[in-house]
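Hydrogens, waters and symmetry mates are skipped; everything else that's a heavy atom, side chains included, is used. Chain identifiers are assigned alphabetically (A, B, ...) following the order of the sequence lines, protein sequences preceding nucleic acid strands; residue numbering begins at 1 within each chain.
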Amino acid sequence: MPEPEDTSTGLFIKYLSNNRIFRDREVLRHSYRPQILPHRQPQIDNVASILAPSLRNETPSNILIYGKTGTGKTASVRYVGSELEKASSKMGTTCRIVHLNCEVIDTQYRVLAQIAKCIDDGIDDAASDKTKSHIPMTGWPTDQVYAELKNQLDAGGGVLVIVLDEIDKLVKKSGDDTLYNLTRINSDLKNSKVSIIGISNDLSFKDFLDPRVLSSLSEEEIVFPPYNAPQLVDILTQRATGAFLDGAIAEGVIPLCAALAAQEHGDARRALDLLRISGELADRDESRQVSEEHVKQAQAKIETDSMIECIATLPTQSKLILFSMLTLEQMDQNIFTSGEVSRVYQDIAPSIQLDILTHRRITDLISELNMLGVINTRVVSRGRYGRTKEMWFDANTNKIREVVLKDPRLNGLKDLDINQMEAKWLKTWFR
DNA sequence: AATCCACAGGAAGATTAGGATA
DNA sequence: TATCCTAATCTTCCTGTGGATT
């Protein structure tokens with residue numbers, strides 16, 4: 001009997017020892033907060049100038065911040081926030097920042113409770129046992145939470161800046177009551193002040209807001225434009241020095257990552273992912289350098305990964321349609337018409353107790369698959385033989401098949417006898 | 001030029017699921 | 001808990017159509 005420890009160490013050790021690429025790959029993760037944010041100085045200065053009055057114990061204007069994902073909104077605000085707290089403790093004023101991600105904290109109750117909790121934690125060391133967290137995670141009526149929050153704020157004094165990240169999610173899920181109450185809270189406070197920073201990547205969310213809330217929330221608006229390719233190069237270069245060992249990246253790698261990500265909305269997060277995955281690929285095949293080839297592989301990997309993800313979340317019916325197309329493909333057809341697909345579909349649907357959708361519906365689902373980029377379609381006219389829509393895959397069909405069969409309701413199709421089906425179809429309608 | 005295939009895809013109504021509300 | 005509302009899903013019915021064949 002071999003010692004289990006030995007084998008497992010042996011299993012992993014070889015992957016740990018050849019470390020020729022990364023110095024610290026955490027630097028490339030989304031959660032990493034760099035000290036310097038290239039090309040965001042104007043926005044940072046802007047936020048700072050708006051928040052500055054809080055150091056004189058005056059209420060700063062509320063701010064709304066817009067920008068696509070990966071444009072540095074959150075990072076910039078966090079940076080300004082931490083600088084502000086530093087400055088305030090140096091100057092002896094009370095000035096606190098609470099950062100909430102509304103994708104996670106998405107109800108009025110939880111927002112209020114979370115704010116209260118954050119203030120509490122901050123005061124904790126000063127007045128340790130007196131102000132303990134009063135508000136339970138659930139159970140109180142909302143107005144009581146609101147009142148309790150006011151008490152805590154007034155007790156603490158100073159200025160509180162509330163950052164509502166992904167504020168559009170909050171509005172979509174639970175309406176604008178929360179925002180209404182928060183913007184109004186200043187008039188109920190005697191001893192302290194509140195200012196709100198809303199961060200959104202959806203410009204249209206304003207439409208859901210009460211005009212009064214909107215006007216008070218957007219006293220100041222700041223837009224974070226997407227990065228262009230040269231700017232992304234700067235960002236990647238900065239991170240790469242921390243993340244990679246010297247000389248681990250080939251010449252054109254960073255510009256390539258930047259260019260690919262710039263095409264795709266100038267998303268810095270995407271660019272960093274690309275660089276990190278390129279690095280991981282290089283690491284895995286024991287290269288000593290990340291090459292442009294690795295970047296291309298990484299790009300392909302990200303693409304298929306997101307497609308796999310997309311397919312996995314498709315409704316069962318769409319998956320069955322995909323499976324029908326896969327079946328046709330196994331019968332060495334590369335291009336299928338909507339008629340063929342729906343005939344195959346209608347034949348296998350009953351065998352797994354799925355109700356049969358009409359042809360009309362199937363055409364809609366097929367166009368949907370086309371929109372998602374899982375398949376390609378094209379309308380063709382074959383003269384006397386009618387007008388139809390042709391479709392084909394251009395991705396790895398084995399991967400797709402694998403994912404489709406993971407659906408528990410399609411499990412029975414795993415060992416479908418293609419030959420038998422083909423023979424049957426040939427007899428009835430094929431060609 | 002007329003015909004006619006094999007569908008595309010619009011319109012509108014029916015059904016269903018989920019969620020709010022009383 | 002029953003009921004109502006709404007959005008999403010699905011069906012029915014329909015008109016339109018490019019071009020090989022007649």
Side-chain angles (χ1 to χ4, degrees), chain A residues 102-112 138-146 168-181 202 204-205 207-210 213 309-329 331 333-394 404 407-410 422 424-431:
Chain A
C102 301
E103 192 172 14
V104 192
I105 302 164
D106 56 358
T107 63
Q108 164 144 287
Y109 188 99
R110 292 221 290 242
V111 169
L112 296 177
T138 173
W140 284 15
T142 309
D143 52 345
Q144 193 178 344
V145 182
Y146 183 71
D168 46 328
K169 300 271 166 48
L170 176 66
V171 175
K172 259 176 217 152
K173 281 188 200 154
S174 56
D176 55 4
D177 293 354
T178 318
L179 296 178
Y180 181 74
N181 288 333
D202 180 10
S204 67
F205 99 103
D207 304 342
F208 300 104
L209 287 181
D210 186 301
V213 177
E309 171 67 27
C310 159
I311 292 174
T313 56
L314 244 32
T316 311
Q317 290 284 10
S318 298
K319 287 187 194 161
L320 184 56
I321 289 171
L322 266 179
F323 181 83
S324 310
M325 304 195 311
L326 289 165
T327 308
L328 282 167
E329 206 237 12
M331 295 161 44
Q333 278 200 25
N334 294 323
I335 296 183
F336 347 104
T337 66
S338 60
E340 287 162 356
V341 172
S342 76
R343 280 189 295 254
V344 173
Y345 162 87
Q346 306 205 355
D347 208 45
I348 44 187
S351 71
I352 51 166
Q353 286 86 46
L354 222 61
D355 20 337
I356 306 171
L357 300 178
T358 47
H359 186 91
R360 181 68 189 81
R361 182 64 188 140
I362 291 173
T363 59
D364 278 349
L365 292 179
I366 287 173
S367 343
E368 204 177 291
L369 290 172
N370 181 39
M371 297 286 241
L372 292 169
V374 180
I375 57 170
N376 296 300
T377 67
R378 158 180 66 172
V379 180
V380 291
S381 188
R382 293 172 171 177
R384 197 81 220 250
Y385 307 108
R387 215 161 102 84
T388 184
K389 190 178 249 185
E390 289 182 338
M391 63 210 71
W392 65 95
F393 292 101
D394 59 9
V404 165
D407 190 302
R409 302 183 64 182
L410 298 188
E422 185 172 7
K424 179 175 149 203
W425 290 326
L426 273 173
K427 230 185 274 172
T428 49
W429 40 258
F430 221 5
R431 292 216 196 277

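Minimum interatomic distance between A:F336 and A:Q333 (heavy atoms only, all atoms of both residues): CE2-O, 3.3 Å. Shown here for A:R361 and A:L357, the closest heavy-atom pair between the two residues is CG-CD1, 3.8 Å. Contact record, A:V404 with A:F323: CG1-CB, 4.1 Å, taken as the closest heavy-atom pair.
Applying the side chain to side chain donor-acceptor pair (under 3.5 Å) definition to pairs two or more places apart or across chains, those involving residues 318-327 of chain A are A:K319-A:D407.
Rounded to 10 degrees, the angle between the two end axes of the helix from B:dA1-C:dT22 to B:dA22-C:dT1 is 10°, with five pairs used at each end.
The residues A:D347 and A:R343 are annotated as not salt-bridged, no charged nitrogen and carboxylate oxygen being separated by less than 4.0 angstrom.
In this structure, CE of A:M391 is placed 11 Å from C1' of B:dC7, rounded to the nearest angstrom.
Not a single side chain to side chain donor-acceptor pair (under 3.5 Å) links A:S381 to another residue, sequence neighbours left out. Residues satisfying the side-chain contact (heavy atoms from CB on, under 4.5 Å) criterion with A:T313, sequence neighbours excluded, are A:E309. Every residue was checked against the salt bridge (Lys or Arg N to Asp or Glu O under 4.0 Å) condition with A:R384, not counting sequence neighbours, and none meets it. In this structure, the side-chain contact (heavy atoms from CB on, under 4.5 Å) partners of A:V379, at least two apart in sequence or on a different chain, are A:R387, A:K389. Residues meeting the side-chain contact (heavy atoms from CB on, under 4.5 Å) test with A:I335, sequence neighbours left out: A:R378, A:E390, A:W392. With sequence neighbours left out, A:R409 forms a side chain to side chain donor-acceptor pair (under 3.5 Å) with no residue at all. Residues that satisfy the side chain to side chain donor-acceptor pair (under 3.5 Å) test with A:D394, not counting sequence neighbours, are A:N376.
Of the side-chain N and O atoms in A:K389, one or more sit less than 4.0 angstrom from OP1 or OP2 of B:dG9.
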Close N/O contacts between protein and nucleotides 14-16 of chain B (under 3.5 Å):
none

Using nucleotides 9-11 of chain C, report all nitrogen or oxygen pairs with the protein that are shorter than 3.5 Å.
from	atom 1	to	atom 2	distance (Å)
C:dC10	OP2	A:R361	NE	3.1
C:dC10	OP2	A:R361	NH2	2.9
C:dT11	OP1	A:I356	O	3.4
C:dT11	OP2	A:T358	N	3.0
C:dT11	OP2	A:T358	OG1	2.9

message: I'd like to compare against my own output: the B/S/- annotation of nucleotides 14-22 of chain C with a strict under-4.0 Å heavy-atom distance to protein.
response: ---BBBBSS

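To the nearest 0.5 Å, the span separating CG on A:L410 from CD1 on A:I352 amounts to 4.5 Å.
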